[in-house]
Protein chains: 2
Amino acid sequence: MNNAEQYLIENNINPSYQRVKIMDYLLNNRDHPTIDMIFLYLKPTMPKLSKTTVYNTLQHFVEKGITQIINIEDNEIRYDIDTSAHGHFKCTSCGKIYDFPYNINDITICGLDNFSIHQTHIYIKGICEKCNKKLKA
Amino acid sequence: MNNAEQYLIENNINPSYQRVKIMDYLLNNRDHPTIDMIFLYLKPTMPKLSKTTVYNTLQHFVEKGITQIINIEDNEIRYDIDTSAHGHFKCTSCGKIYDFPYNINDITICGLDNFSIHQTHIYIKGICEKCNKKLKA
DNA sequence: GTATCTGCAAAACATTTGCAATTCT
DNA sequence: AGAATTGCAAATGTTTTGCAGATAC
């Protein structure tokens with residue numbers, strides 16, 4: 001039994017062959033993939049894999065609470081196996097998405113008294129350190 | 001000359017009939033509309049209006065920097081005439097999107113030293129005050 | 001044997017593109 | 001007339017749906 005399979009079982013998800021492979025991708029490539037990225041990566045070794053299955057599986061993972069949706073860009077949906085509170089930074093030069101920790105107590109939010117907060121997303125866009133160095137050089 | 005027309009001229013945008021009407025919507029209905037909401041609202045009084053024009057116009061406003069895109073939901077793009085730094089709260093019960101001011105301490109965001117920050121978006125989902133009161137009653 | 005899961009094809013939906021007609025100066 | 005803008009129709013691209021076949025318990 002591999003990590004992905006074990007992880008699915010721990011979260012009460014039936015570890016089918018496809019689900020294990022997709023979970024394996026998420027655990028070993030922390031690149032906040034799109035559906036397409038997962039599909040194109042797995043397709044060569046799983047010729048009969050359908051994109052529908054990738055859609056269904058990710059939706060299932062989201063419903064089960066073990067994956068979150070990242071909406072940093074308006075024209076693509078990305079997924080993150082890390083559902084803990086953290087922000088996302090997208091470099092508009094190289095396209096890479098970085099995780100960063102934040103402390104909600106250090107963000108002063110006004111006017112939401114008596115509002116119940118269920119989910120918070122912080123998205124930042126800019127130029128990452130690597131690209132900054134390249135641009136300076 | 002109305003406010004919308006004046007606002008467009010101040011921002012170096014040719015105030016065509018369609019653009020003025022769309023800007024008028026944005027200024028007077030601060031409801032963070034989708035393309036469809038704008039189109040359906042204006043269509044009755046502008047029978048020849050095309051949805052393409054609404055798309056083109058909003059894209060134009062975004063490029064000119066007088067409108068920003070709100071990506072709080074993965075399946076719909078919304079627009080906001082207020083481009084100042086503020087967060088968005090969506091009530092998952094009534095669907096309304098609220099604006100709220102925020103303040104991020106520099107210390108809060110760890111690991112982004114030497115990163116250039118160009119845009120920040122904070123999205124919160126939960127239950128708004130009104131819906132909370134209704135649910136308690 | 002029954003329930004679940006998968007994958008194909010088609011459908012639905014949102015957005016973009018090409019282009020001709022219109023408008024404005 | 002010339003440049004910008006609009007609106008229709010078609011194209012594109014992504015996500016969902018329906019359903020039959022496969023798989024697992």
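Letters go in sequence order (proteins before strands), and every chain restarts at 1.
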- Take the angle between the ring planes of A:H121 and A:Y123 and call it parallel below 30°, perpendicular above 60°, tilted in between. parallel

- Residue A:Y55, side-chain heavy atoms: nucleotide from D:dT14, C:dT6, C:dT17 that is nearest: D:dT14

- Distance test, side-chain N/O of A:S16 to OP1/OP2 of C:dT6, below 4.0 Å: yes

- Query: Is the distance from OP1 or OP2 of C:dG7 to the nearest side-chain N or O of A:Q18 less than 4.0 Å?
  - Reply: yes

- Quick one: A:K21 NZ to C:dT6 C1', roughly how many Å, whole number? 16 Å

- Message: Could you tell me how far apart A:K51 (NZ) and C:dA10 (P) are, to the nearest whole angstrom?
- Response: 17 Å

- Message: Mind checking if A:I35 touches a base, just sugar-phosphate, or nothing, with heavy atoms under 4.0 Å?
- Response: nothing

- Message: Among B:R78, B:K43, B:K51, which residue satisfies the salt bridge (Lys or Arg N to Asp or Glu O under 4.0 Å) criterion with B:D36?
- Response: B:K51

- Query: Nearest-Å distance, CG (A:L8) to P (C:dT4)?
  - Reply: 18 Å

- Task: Give the rounded distance in Å between these two atoms: OH of A:Y17 and C1' of C:dT4.
- Result: 19 Å

- Task: Spell out, as yes or no, whether a donor-acceptor pair under 3.5 Å connects the side chain of A:D82 to the backbone of A:S84.
- Result: yes

- Selected nucleotide, minimal atom distance to B:R19 side chain, candidates C:dG7, D:dT6, D:dC8: D:dT6

- Atom pair distance, as rounded to whole Å: NZ in A:K48 and C1' in C:dC5: 13 Å

- Query: Rounded to whole angstroms, how far apart are CD on B:Q59 and C1' on C:dT17?
  - Reply: 11 Å

- Message: Counting only side-chain nitrogens and oxygens, does A:T53 get under 4.0 Å of the OP1 or OP2 atom of C:dG7?
- Response: yes

- Query: Would you say a side-chain N or O of A:S50 is under 4.0 Å from OP1 or OP2 of C:dT6?
  - Reply: no

- Task: Select one nucleotide: of D:dC8, C:dG7, D:dT6, the one nearest the side-chain heavy atoms of A:L49.
- Result: C:dG7

- Side-chain N or O of A:N14 closer than 4.0 Å to phosphate OP1/OP2 of D:dA24: no

- Has the side chain of A:R19 got a donor or acceptor atom that lies under 3.5 Å from a matching backbone atom of A:N14? yes

- Taking C-beta and beyond as the side chain, do A:F115 and B:Y98 meet within less than 4.5 Å on heavy atoms? yes

- In whole angstrom, give the distance that lies between atom NE2 of A:H60 and atom C1' of D:dT15. 18 Å

- Query: Over how many whole Å does the gap from A:E73 atom CD to C:dA14 atom C1' extend?
  - Reply: 17 Å

- Task: Tell me which of A:K43 and B:I77 sits closer to the 5' end of DNA chain C, going by the nucleotide each one is nearest to.
- Result: A:K43

